[in-house]
Amino acid sequence: MVAIAVRAVSKVFGDGATAVDRVDLDVASGEFLVLLGPSGCGKSTLLRLIGGLEEPTRGEVLLDGVPVTAIPPQERNVALVVQTFALYPHLTVAQNIGFPLRAAGGSATDVAARIAEMARHLGIADLLGRRPEHLSGGQRQRVALARALVRRPALLLLDEPLSNVDAGVRADLRGEITALARRIGVTTVYVTHDQNEALSMADRVAVLRRGVLQQVGPPAQVYADPRTLFVAAFLGTPPTSLLEAAVYAVNGRVVLDLGSQEIELPPGDPRTAALARRHTERVTVALRALRPATDEPVQLTGTVRAVLNRGPDVLAYLDTGGVPTPPQVVDFPAAGGRSPERTPYGFVPAYDPEVTGEPPPAGEVLVRIAAPGTVAVGARLTAGLDLGELLLFDRAGRRIGLDIIS
Ligand SMILES: Nc1ncnc2c1ncn2[C@@H]1O[C@H](COP(=O)(O)OP(=O)(O)OP(=O)(O)O)[C@@H](O)[C@H]1O
């Protein structure tokens, strides 16, 4: 096992594209770290930089304190498995798994024992005589993992290894990979764009956007306590609802005006001081799926626009009449919006001057209704709001009041 230190690493490709932008990251020995982010955010490039397969333009990567570029490839003891891992078609499963050991001059007995051990770990002992063409996608990735791990690498790098595998098998393999990495003791960096995969597998998850590291932490923490609007929007099943609000903060009263409804923060809410400085500003309110109202002091009412039955629950798409922030979280301050209008509190919010054009569709929040409950399209529905779970972001996508909360 090896500890990874990424120090102020940037990677700029020949065409000028910055794939990785001043990333600092530490991965402890034996840790399972997942790099998460949308397509093109630099995950694979960062993984390759960690493995020493790419050289940083600036900064350096150290494995157990030694810069990787200083270590010859054959001595790096790094194994990489990618999405479409090529097995040798003319070799059997056993020969494929044993290939790296034979290439390194291992004895026949030792090679056979290690093949049997890896095959047992990955549940493919009955496939050893088959050729890759007679394997399913999931079985092939098991063989690829066995071949990567048979050399007992100190560092395992996995680049979307399950994206070509059927959904059911993928769920099984997620659990097996994390259990196996822990059992055999290998530091693992796993790349995915799938938040569920990341949250279910990682000891810690590192979220990347456009080459910039947004946040690193245990899955539950990154989910519950996102530092940026991007992280809040990227993590959420069902998707996080994002609404625009104008801040009214006068005489100790703090109201988030959503257009047709409002959320008033109670006196003493830890975010009050931060919001008091933002009177008349426009902020983004991020809401994870709500529940039908019971006796919460703050509630949102709307018309049910669509209903999605998901088995264990029903998801209602509630039109609250508010203004949405685009879910893809475009670069601020260019987010879509509406023409400036006075709020009921008598001020014109500080909207971005460049915003013009059509008013966006009305803001929608998702309400999760426990099965077997249901709700009709067109019905009025009131959702309850837990203010402790309300996330607020400024126009640069930074969390408001985080300094107070954390
Ligand atoms: N060899 C290369 N030459 C030029 N640009 C590259 C090269 N490799 C990656 N890039 C660019 O760097 C950026 C990051 O790419 P990278 O493959 O690391 O992203 P990713 O998050 O892994 O995406 P995906 O999930 O789609 O694989 C992209 O804009 C990509 O086009």
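As the structure lists them, so they are numbered: ligands from 1, and atoms in each ligand from 1.
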For this session: Note the single closest protein heavy atom to atom 10 (N) of ligand 1, along with its residue, its atom name and the distance in Å.
Result: Phe13 CE1, 3.4 Å
Exercise. For Gly42, is the nearest heavy atom under 4.0 Å from an atom of ligand 1?
Worked result: yes
Exercise. Taking NZ, NE, NH1 and NH2 as the nitrogens, is one of them in Arg114 or Asp110 under 4.0 Å from a carboxylate oxygen of the other?
Worked result: yes
Seminar exercise, completed: In ligand 1, the atoms that come under 4.0 Å of a heavy atom of Cys41 are 19 (O), 20 (P), 21 (O)
Exercise. So which heavy atom in the protein is nearest atom 12 (O) of ligand 1, and how far is it from that ligand atom?
Worked result: Ala19 CB, 3.2 Å
Exercise. Just to confirm, does any protein heavy atom lie below 4.0 Å from atom 31 (O) of ligand 1?
Worked result: no
Exercise. If you round to the nearest 0.5 Å, how far is CD1 of Ile50 from CG of Leu25?
Worked result: 6.0 Å
Exercise. Of the protein's non-hydrogen atoms, which lies at the shortest distance from atom 26 (O) of ligand 1, and what is that distance?
Worked result: Ser39 OG, 2.6 Å
Exercise. NE2 of His279: more than 12 outside heavy atoms within 6.0 angstrom?
Worked result: yes
Problem set entry | Residue-ligand contact Pro38/ligand 1, heavy atom below 4.0 Å | yes
Problem set entry | Set of residues satisfying salt bridge (Lys or Arg N to Asp or Glu O under 4.0 Å) with respect to Glu264, sequence neighbours excluded | Arg253
For this session: Considering only non-hydrogen protein atoms, determine which one is nearest to atom 16 (P) of ligand 1 and report residue, atom name and distance to 0.1 Å.
Result: Thr45 OG1, 3.6 Å
Problem set entry | Heavy atom of the protein closest to atom 23 (O) of ligand 1 (residue, atom name, distance) | Gly40 N, 2.7 Å
Exercise. Taking the minimum heavy-atom distance to atom 21 (O) of ligand 1, which of Glu160, Lys43, Arg210, Arg48 ranks first?
Worked result: Lys43
For this session: Return yes if some donor-acceptor pair links the side-chain N/O of Thr382 with the main-chain N/O of Leu300 below 3.5 Å, else return no.
Result: no
Seminar exercise, completed: In short, ring-ring contact (aromatic ring centres under 6.0 Å, His included) pairs touching residues 92-125 with sequence neighbours left out are Tyr88-Phe99
Problem set entry | Side-chain ion pair, Glu244 and Arg282, N-O less than 4.0 Å | yes
Problem set entry | Distance in Å, Leu101 CG paired with Arg151 CZ, rounded so as to fall on 0.5 Å steps | 8.5 Å
For this session: If you have a sec, work out which protein heavy atom is nearest atom 17 (O) of ligand 1 and how many Å separate them, to one decimal?
Result: Ser44 CB, 3.8 Å
Exercise. Out of curiosity, is Ala17 lining ligand 1, as in a heavy atom under 4.0 Å away?
Worked result: no
